[in-house]
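A note on names: the letters A, B, ... follow the listed sequences, proteins ahead of strands, and every chain is numbered from 1.
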Number of protein chains: 2
Amino acid sequence: MSEMVERVQQVLRRSGMRLTPQRRIILEVLEESEVHLDAEALYLSAKARDPNISLATVYRTLAALREIGVVQQRHLSQDEQRGYYEIDDQKHYHFTCLRCGKVIEFSTPLIAQIQQEFADEMGVQVTRARLYLEGCCAACLERAEKET
Amino acid sequence: MSEMVERVQQVLRRSGMRLTPQRRIILEVLEESEVHLDAEALYLSAKARDPNISLATVYRTLAALREIGVVQQRHLSQDEQRGYYEIDDQKHYHFTCLRCGKVIEFSTPLIAQIQQEFADEMGVQVTRARLYLEGCCAACLERAEKET
DNA sequence: TTTCGTGCAAATGGTTTGCAGACGC
DNA sequence: GCGTCTGCAAACCATTTGCACGAAA
């Protein structure tokens, strides 16, 4: 069992929840995936390991994992209402190419600074920051250039 | 006619679209609203001025306005899939209190810096940045304090 | 008089839920 | 055994769409 899955088991336990085979599969798929998965994609990958798993279980597991802070839901583009899911390793952010859909992850210390400054100024507590950049990736820029 | 509405009319024209009474009402509601509206709330406010207006028209208008860059759709909390809409005045961001739902708008020059640095580093073009902070507002922090 | 926009109602699609059985502690 | 979890199917709800009519250039 991966270190991450083990950690999640602890957290689940503390909330009176269980690490079932289905939940383990979903965690593994999330952990191994290179790309950002929506519920349907996650369901299909999970189904490959356990043909009996149901989409409802995927959603319920995602809800449970979000509740305990293990998984984050993303809205990668402003024009999409579907959710994408990933293990919450906190401090990384996303750039989405509006042309080809490619997603690039990045990080920056400036977000922590913004968070800090805003919290100090307003007397609030900031527990999460989401930053999404959108635009056109290098490959698409190049392709657009050629077409001109 | 407000300056903003007039400006929008130009942009609509350029795309072969019209500024109908319904669209004007929706723009006015968006412009005058203090809070962030979802489609349903926008529909109700618009209906107060024109009882015949339909929810479908609200959605179609929002889609049109987003297409020409006049309106932005927001996902104010990670746990909500419903969209909230506002006139796109670009450089301001949102803090949402997860306890009471209060939304605070703010701005910071650091986002422009992040955008710039990322674009330079990766050779991409960044056309939009969305930043959402979530946490607990001052009032809710205080209330929580008292309850302890 | 052609094009674009609207209202209505029905369809869509992602997500949630009720229920009865299965499983883990 | 008790309480949690699952699969299935039905329900939900925000959003979209087809269609026939209405309005604007």
Notebook entry, point to check: Under 6.0 Å from the CZ atom of B/Arg49, do we count more than 12 heavy atoms belonging to anything else shown?
Noted result: yes

Notebook entry, point to check: Are side-chain N/O atoms of A/Gln72 and A/Glu86 paired as donor and acceptor at under 3.5 Å?
Noted result: no

Notebook entry, point to check: Roughly how many Å is it from CG in A/Leu42 to P in C/dG14, rounded to a whole number?
Noted result: 14 Å

Next item on the list: Whole angstrom is fine here: how far is it from CG in A/Asp38 over to P in C/dG13?
Entry: 14 Å

Margin query: Under 3.5 Å, is there a donor on one side chain and an acceptor on the other for A/Gln10 and A/Glu6?
Written below: no

Notebook entry, point to check: Rounding to a whole Å, what distance do you find between B/Glu67:CD and D/dT15:C1'?
Noted result: 16 Å

Margin query: Would B/Ile87 and B/Met4 count as a side chain to side chain contact (heavy atoms under 4.5 Å, CB included) here? Give the steps.
Written below: CA-CA 10 Å; B/Ile87 302 286; B/Met4 185 274 289; 3.8 Å; yes

Notebook entry, point to check: Which whole-number value in Å describes the distance from A/Leu62 CG to C/dT16 C1'?
Noted result: 13 Å

Notebook entry, point to check: How is A/Ala63 classified with respect to the nucleic acid when contacts are heavy atoms under 4.0 Å: base, sugar-phosphate, or nothing?
Noted result: nothing

Next item on the list: Would you indicate, yes or no, if D/dT15 has its OP1 or OP2 atom less than 4.0 angstrom from a side-chain nitrogen or oxygen of B/Tyr59?
Entry: yes

Notebook entry, point to check: Between B/Glu40 and B/Arg82, is a salt bridge (Lys or Arg N to Asp or Glu O under 4.0 Å) present by the stated rule, with each step listed?
Noted result: CA-CA 10 Å; B/Glu40 186 73 22; B/Arg82 176 180 16 206; over 6 Å; no

Check: Are B/Arg66 and B/Gln73 close enough that a side-chain donor and a side-chain acceptor fall under 3.5 Å?
Finding: yes

Next item on the list: Encode nucleotides 2-8 of chain D as B, S and - characters from 5' to 3', where the letter depends on protein heavy atoms closer than 4.0 Å: B to the base, S only to sugar-phosphate, - to neither.
Entry: -BBSBBB

Note to self: Using a strict heavy-atom distance below 4.0 Å, which residues from residues 70-81 of chain B are in contact with DNA chain C?
What the structure shows: none

Check: Is the distance between the ring centroids of B/Phe106 and B/Phe95 less than 6.0 Å?
Finding: no

Next item on the list: Return yes if some donor-acceptor pair links the side-chain N/O of A/Thr96 with the main-chain N/O of A/Leu98 below 3.5 Å, else return no.
Entry: no

Note to self: From CZ of A/Arg82 over to C1' of D/dA14, roughly how many Å is that when rounded to an integer?
What the structure shows: 15 Å

